[in-house]
Asker: 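Once you've had a glance at the structure underneath, I'll fire off some questions.
Computed from a prediction, not measured in an experiment: that's the story for all the values here. Every chain is numbered from 1 and lettered A, B, ... according to where its sequence line falls, protein lines coming before strand lines.
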Amino acid sequence: MDDEGQPYEPAVIEPRWQARWRDEGTYEVDNDDPRPKSYVLCMYPYPSGAAHMGHVRNYTFGDLLVRYRTMNGQAVLSPIGFDSFGLPAENAAIKTGEHPRPFTEAKIEELTSSLLRLGASYDWRRVIKSHDPSYIRWTQWIFLQFLKAGLAYRAEAPVNWCPGCQTVLANEQVLADGTCERSGDLVQRKNLEQWFFRITDYAQQLLDDIDDLDWPERVKTMQRNWIGRSEGATFHLPVAEREDLSLEVFTTRPDTSFGMTYAVVAPEHPIVAELTADDRRAEVEAFVAHVTGESELERLSSEGPLDKRGVFTGAHVVNPFTGDPIPVYLADYVLATYGTGAIMAVPGQDQRDWDFAKAYDLPVVRTVLPPEDFDGEAYTGEGPAINSEWLDGLGVADAKAKAIEWLEAKGIGERTVQYRLRDWLLSRQRFWGCPIPVIFCDDCGIVPVPEADLPVVAPDDVEFLPTGESPLNHHAGFLNVTCPACGGPGRRETDTMDTFVDSSWYFLRFADPTDDEAPFSLEAVAEWLPVDQYIGGVEHAILHLMYARFFTKALADLGVAPKELREPFARLFTQGMIRKDGMKMSKSKGNLVTPEEYFERFGADALRLFHFFVGPPQDDMDWHDAGIEGSHRFLGRLWRLGVGEAPGTVVDREATPADVEQDRSRHRLIQRVTDGYERWSYNTSVSAFMEFTNGLYHYLQSEDGARRETLDAAVDSVLLLMAPMAPHITAELWERRRGGHIHTEPWPVADPAMTTVATVTMIVQVNGKVRDRIEVDAGIGDDDAVATALASAKVQAHLNGGQPKKVITRPPKLVNLVV
RNA sequence: GCCCGGGUGGCGUAACUGGUAGCCGCGGGGGGCUUAAACCCCCCUGGCCCCUCGGGGCCGUGUGGGUUCGAAUCCCACCCCGGGCACCA
């Protein structure tokens with residue numbers, strides 16, 4: 001590039017435009033904006049410092065949509081916030097003794113500057129931070145509404161205790177191998193008083209409403225599986241020789257009840273002590289002690305011999321179907337928390353029951369006739385009932401229905417539905433979270449903090465203990481309060497909320513972020529919600545999305561949110577993960593790649609373009625930066641076109657057929673790119689830009705040169721179409737060429753008359769093999785197509801003088817001659 | 001084990017409803033510009049074979065079958081990779 005040229009310098013132009021968008025409030029929208037409304041939201045980030053490539057990918061996709069829809073004349077709500085409570089800040093505090101707040105705020109600053117440097121467009125007036133007292137206040141207020149409505153409750157529950165984090169974990173935070181997702185420690189089991197949200201009240205709604213969501217099918221399936229609805233029956237098995245006692249079981253296969261040859265109870269089940277025969281007591285107690293002392297890992301991984309996993313109680317219950325007494329066992333694989341904590345065992349129809357029966361030498365009775373060629377053990381398939389008296393001959397579904405009718409008629413059981421979904425345990429024994437706003441009083445019990453006293457904010461003068469225990473437990477000023485009900489001495493709850501609580505309503509607050517009368521106004525939420533397009537990582541497919549859906553439904557039912565608002569996110573897009581060397585990119589693995597160096601070397605536009613180009617946005621990608629330079633190179637080509645420094649000749653003339661053809665390809669580009677943006681097919685859109693730009697270089701260097709008017713229209717169209725992808729370079733070139741602000745220009749529209757092509761390459765096949773390609777008129781008919789095909793010497797050579805037996809025509813694209 | 005995705009050049013990918021497989025880019029090769037290099041511009045680039053150098057033939061989308069005039073695309077079976085769930089009664 002010579003000194004007189006106008007070099008492409010992203011490091012100069014990008015910050016200038018970023019400052020301008022922020023200072024002018026280009027992407028600020030008011031709630032009474034008259035344009036059609038659209039709400040585009042990327043999942044708000046945990047502020048861990050400067051952005052990494054995962055953030056870049058997420059916010060780049062979101063930003064394209066915001067800018068694209070804005071150019072399409074919509075008022076786009078595009079807010080950003082920070083999920084700023086959480087463990088990393090607290091762990092840092094424990095290490096350094098510094099309070100998590102300044103630490104967190106510094107991280108927010110860093111992340112904000114990365115987002116700005118990326119060119120992401122937000123309404124910066126609406127920023128939300130979970131740890132901000134004005135946000136804490138309303139999170140606590142919502143908690144109190146849930147408490148009032150019975151949706152929040154306190155219960156003693158076996159919990160997952162992480163010894164490393166000194167805290168309780170939700171089931172979701174325990175990995176499949178029984179370790180803590182954060183610390184990697186082995187999770188233990190412990191009984192503690194904890195706060196829960198009654199999400200199970202909404203299990204059926206959460207399940208039903210999945211159907212209407214425009215979400216990836218994969219995510220919908222995960223949610224359905226997580227809720228895990230199963231239909232069946234619960235019924236009572238009277239304990240033999242104990243008039244007063246019965247064992248309640250849940251089964252999905254009441255049709256197989258005649259084959260029930262024993263029953264199994266969870267070791268933690270309250271009935272165990274009463275059930276156990278005296279001569280078995282020692283052994284049973286040893287077993288229970290062993291099982292409850294087991295870590296989650298040991299208990300779940302017990303795949304070995306079953307004879308160590310159960311114990312006979314010495315008691316019998318009566319199978320109400322046969323009237324026969326059957327033995328009762330304890331086994332570690334029966335869960336106290338699912339169903340009734342006890343099961344009927346039908347070894348003939350359930351493989352696990354079969355295995356247990358074999359290990360303990362218990363009888364097997366088949367109640368469904370297996371097919372003749374069946375050579376397995378338990379048979380779980382379809383077939384007529386056998387050995388089942390009045391059910392014999394019925395198919396599975398009919399037998400189920402009849403068995404349930406019988407149970408209900410006898411008054412010993414009923415049809416029931418069970419869900420795998422558990423209530424949401426939200427207590428965390430942490431400091432850096434939203435305090436749970438209740439006070440314990442010896443006289444009044446649990447007393448909610450009066451709404452006027454909110455927010456309850458953790459004190460600053462605290463000392464972080466190396467044990468990891470929350471300093472709130474030792475802060476007298478925070479701990480000791482007067483009971484708001486009786487004025488007597490009270491003690492504050494020191495647990496804080498799971499950070500998923502904060503993220504369960506932030507998208508509502510964005511509609512009305514400074515409201516100090518309510519978490520948000522009904523009107524503001526009605527204007528913007530549901531979110532039209534939610535964008536985030538697939539790792540949040542289950543928990544965050546489930547909790548946010550629950551909150552939305554509960555808040556709507558409580559009248560806090562509009563009653564009609566049943567779902568928070570109408571459309572969801574889950575982008576793929578970025579991996580490095582086959583591993584998930586994460587700070588803890590130390591394989592984070594940050595965008596800063598690329599901003600410097602190639603610019604934000606090149607990095608953004610690379611993310612669009614590298615592959616389909618929903619696919620996982622392995623990080624490699626090989627393509628970024630290519631994106632930068634392409635932007636350089638665009639730049640030279642834009643400033644008139646691309647090689648070739650430009651002339652003023654009346655349009656020649658070649659000029660018209662060039663302009664047609666411009667219209668096809670508009671069509672192709674617009675379609676690509678709608679379909680999230682960004683990689684193909686970039687490829688269309690490159691193809692088109694290559695075409696312009698050829699056009700310029702062609703013998704006749706480029707017609708100025710045609711060329712200008714082509715370049716301007718590319719700039720407009722690329723503005724959502726590469727907002728800085730397009731804005732800069734537009735301003736230099738045309739004046740004004742490209743991002744407030746209307747989206748270009750293709751002229752349908754100009755998107756068609758005059759001639760098409762027709763392929764001619766002989767017996768399905770391509771033998772010739774002939775340029776034909778796009779409007780060619782069957783007969784002409786065949787005639788053209790037969791006229792081809794190449795085709796004739798392959799026909800060997802014979803006549804085709806069959807001719808398939810798909811004019812103007814194809815003729816296939818079959819000999 | 002069950003439920004989803006996905007296997008296409010050296011690499012990332014494209015091919016929208018079955019109709020030219022490999023667009024675009026990376027990497028590689030060649031040429032131009034330059035005193036030189038970088039940048040930039042142009043051309044070539046799936047494999048094998050033939051060739052009169054213009055081209056021609058065969059093979060080719062994880063494997064094996066099938067449907068069809070025609071299959072990367074649809075069906076069956078299998079292999080591999082990724083993700084989710086996993087004693088849920």
Asker: Any side-chain to backbone donor/acceptor pair from A/Ser685 onto A/Ser681? Under 3.5 Å, distance only.
Answerer: yes
Asker: Can A/Trp424 and A/Met546 be said to form a side-chain contact (heavy atoms from CB on, under 4.5 Å), step by step?
Answerer: CA-CA 11 Å; A/Trp424 173 8; A/Met546 189 76 77; over 6 Å; no
Asker: Nearest whole Å is fine: how far is B/G84 P from A/Trp226 CH2?
Answerer: 11 Å
Asker: For B/G25, does OP1 or OP2 lie under 4.0 Å from any side-chain N or O of A/Asn694?
Answerer: yes
Asker: Taking the side chain as every heavy atom from C-beta outward, state whether A/Arg672 and A/Ser665 have any atom pair closer than 4.5 Å.
Answerer: no
Asker: Looking at A/Gln418, I'd like to know whether one of its side-chain N or O atoms comes within less than 4.0 Å of OP1 or OP2 on B/A89.
Answerer: no
Asker: Report the distance from atom NZ of A/Lys813 to atom C1' of B/U20, rounded to the nearest whole Å.
Answerer: 8 Å
Asker: When we call it a touch if two heavy atoms are under 4.0 Å apart, what does A/Ser230 touch: a base, just sugar-phosphate, or nothing?
Answerer: sugar-phosphate
Asker: Find the distance A/Gln575:CD to B/G83:C1' and express it as a whole number of Å.
Answerer: 15 Å
Asker: If you draw a 6.0 Å radius around CG in A/Asp783, do more than 12 non-hydrogen atoms from other residues or ligands fall strictly inside?
Answerer: no
Asker: Checking A/Ala399 now: which residues fulfil side-chain contact (heavy atoms from CB on, under 4.5 Å) with it, not counting sequence neighbours?
Answerer: A/Asp255, A/Leu391, A/Leu394
Asker: Polar atom pairs between nucleotides 64-71 of chain B and protein, under 3.5 Å, N or O only, would you list them?
Answerer:
residue: B/C69; atom: OP1; partner: A/Lys806; partner atom: NZ; Å: 3.2
residue: B/C69; atom: O2'; partner: A/Asn816; partner atom: ND2; Å: 3.4
residue: B/C69; atom: O2; partner: A/Asn816; partner atom: ND2; Å: 2.4

Asker: If the sugar-phosphate is the primed atoms plus P, OP1 and OP2 and the base is the rest, what is the B/S/- string for nucleotides 56-61 of chain B, using protein heavy atoms under 4.0 Å?
Answerer: SSSS--
Asker: Assign the ring pair A/Tyr262 / A/Phe356 to parallel, tilted or perpendicular, where the plane angle (0 to 90°) is split at 30° and 60°.
Answerer: parallel
Asker: Starting at NE2 of A/His632 and ending at P of B/G25, how long is that distance when rounded to a whole Å?
Answerer: 17 Å
Asker: Is the shortest side-chain N to carboxylate O distance from A/Arg224 to A/Asp211 below 4.0 Å?
Answerer: yes
Asker: With sequence neighbours left out, what residues match A/Arg420 under side-chain contact (heavy atoms from CB on, under 4.5 Å)?
Answerer: A/Trp226
Asker: Does OP1 or OP2 of B/A14 have a side-chain N or O of A/Asn683 closer than 4.0 Å?
Answerer: yes
Asker: Can you see whether A/Phe692 has A/Arg666 sitting over its ring - NZ or CZ less than 6.0 Å from the centre and within 45° of the normal?
Answerer: no
Asker: If we take the C1' atom in both B/G9 and B/C3, what is their distance in whole Å?
Answerer: 33 Å
Asker: Between A/Arg224 and B/G84, does any side-chain N or O lie under 4.0 Å from OP1 or OP2?
Answerer: no
Asker: Does A/Thr761 reach a base, just sugar-phosphate, or nothing at all? Heavy atoms under 4.0 Å.
Answerer: base
Asker: Check step by step if side-chain hydrogen bond (donor to acceptor under 3.5 Å, both in side chains) holds for A/Asp355 and A/Gln351.
Answerer: CA-CA 6 Å; A/Asp355 295 337; A/Gln351 188 59 40; 3.1 Å; yes
Asker: Run through RNA chain B and report every stem of 3 or more consecutive Watson-Crick or G-U pairs, distances under 3.5 Å, ordered by first number.
Answerer: B:1-7 with B:79-85, B:10-12 with B:24-26, B:27-32 with B:40-45, B:46-50 with B:55-59, B:62-66 with B:74-78
Asker: Check whether any side-chain N or O of A/Arg309 sits under 4.0 Å from OP1 or OP2 of B/C87, and answer yes or no.
Answerer: no
Asker: So which protein nitrogen or oxygen atoms get under 3.5 Å of nucleotides 44-49 of chain B's nitrogens or oxygens?
Answerer:
none

Asker: With the 90 degree cut-off around zero defining syn, does B/G9 come out syn or anti?
Answerer: syn
Asker: Test A/Gln349 against A/Thr367 for side-chain contact (heavy atoms from CB on, under 4.5 Å), laying out the working first.
Answerer: CA-CA 7 Å; A/Gln349 262 67 236; A/Thr367 53; 2.7 Å; yes
Asker: If you assign each of A/Ala688 and A/Pro616 to its closest nucleotide in RNA chain B, which residue comes earlier from the 5' end?
Answerer: A/Pro616
Asker: Would you indicate, yes or no, if B/C42 has its OP1 or OP2 atom less than 4.0 angstrom from a side-chain nitrogen or oxygen of A/Arg637?
Answerer: yes
Asker: Would you mind classifying the nucleic acid contact of A/Glu217 as base, sugar-phosphate or nothing, using non-hydrogen atoms under 4.0 angstrom?
Answerer: nothing
Asker: Distance check, rounded to the nearest 0.5 Å: A/Met722 atom CE versus A/Leu609 atom CG?
Answerer: 5.0 Å
Asker: Pick base, sugar-phosphate or nothing for A/Phe634, based on heavy-atom distances below 4.0 Å to the nucleic acid.
Answerer: nothing
Asker: More than 12 heavy atoms of other residues, nucleotides or ligands under 6.0 Å from CD of A/Glu600: is that the case?
Answerer: no
Asker: Does A/Arg633 make a side-chain N or O approach to OP1 or OP2 of B/G27 shorter than 4.0 Å?
Answerer: yes
Asker: Taking only N and O in the side chain of A/His698, is any of them less than 4.0 Å away from OP1 or OP2 of B/C43?
Answerer: yes
Asker: Taking only side-chain nitrogens and oxygens of A/Arg420, does any of them come within less than 4.0 Å of OP1 or OP2 of B/A86?
Answerer: yes
Asker: Nearest-Å distance, CZ (A/Phe573) to P (B/G5)?
Answerer: 16 Å
Asker: Decide yes or no for A/Phe250 and A/Met344: does some side-chain heavy atom of the first lie under 4.5 Å from some side-chain heavy atom of the second?
Answerer: no
Asker: Using a cut-off of 4.0 Å on non-hydrogen atoms, how would the nucleic acid contact of A/Gly630 be classed: base, sugar-phosphate, or nothing?
Answerer: sugar-phosphate
Asker: Answer yes or no: is there a donor N or O on one side and an acceptor on the other, between the side chain of A/Glu382 and the main chain of A/Val396, under 3.5 Å?
Answerer: yes
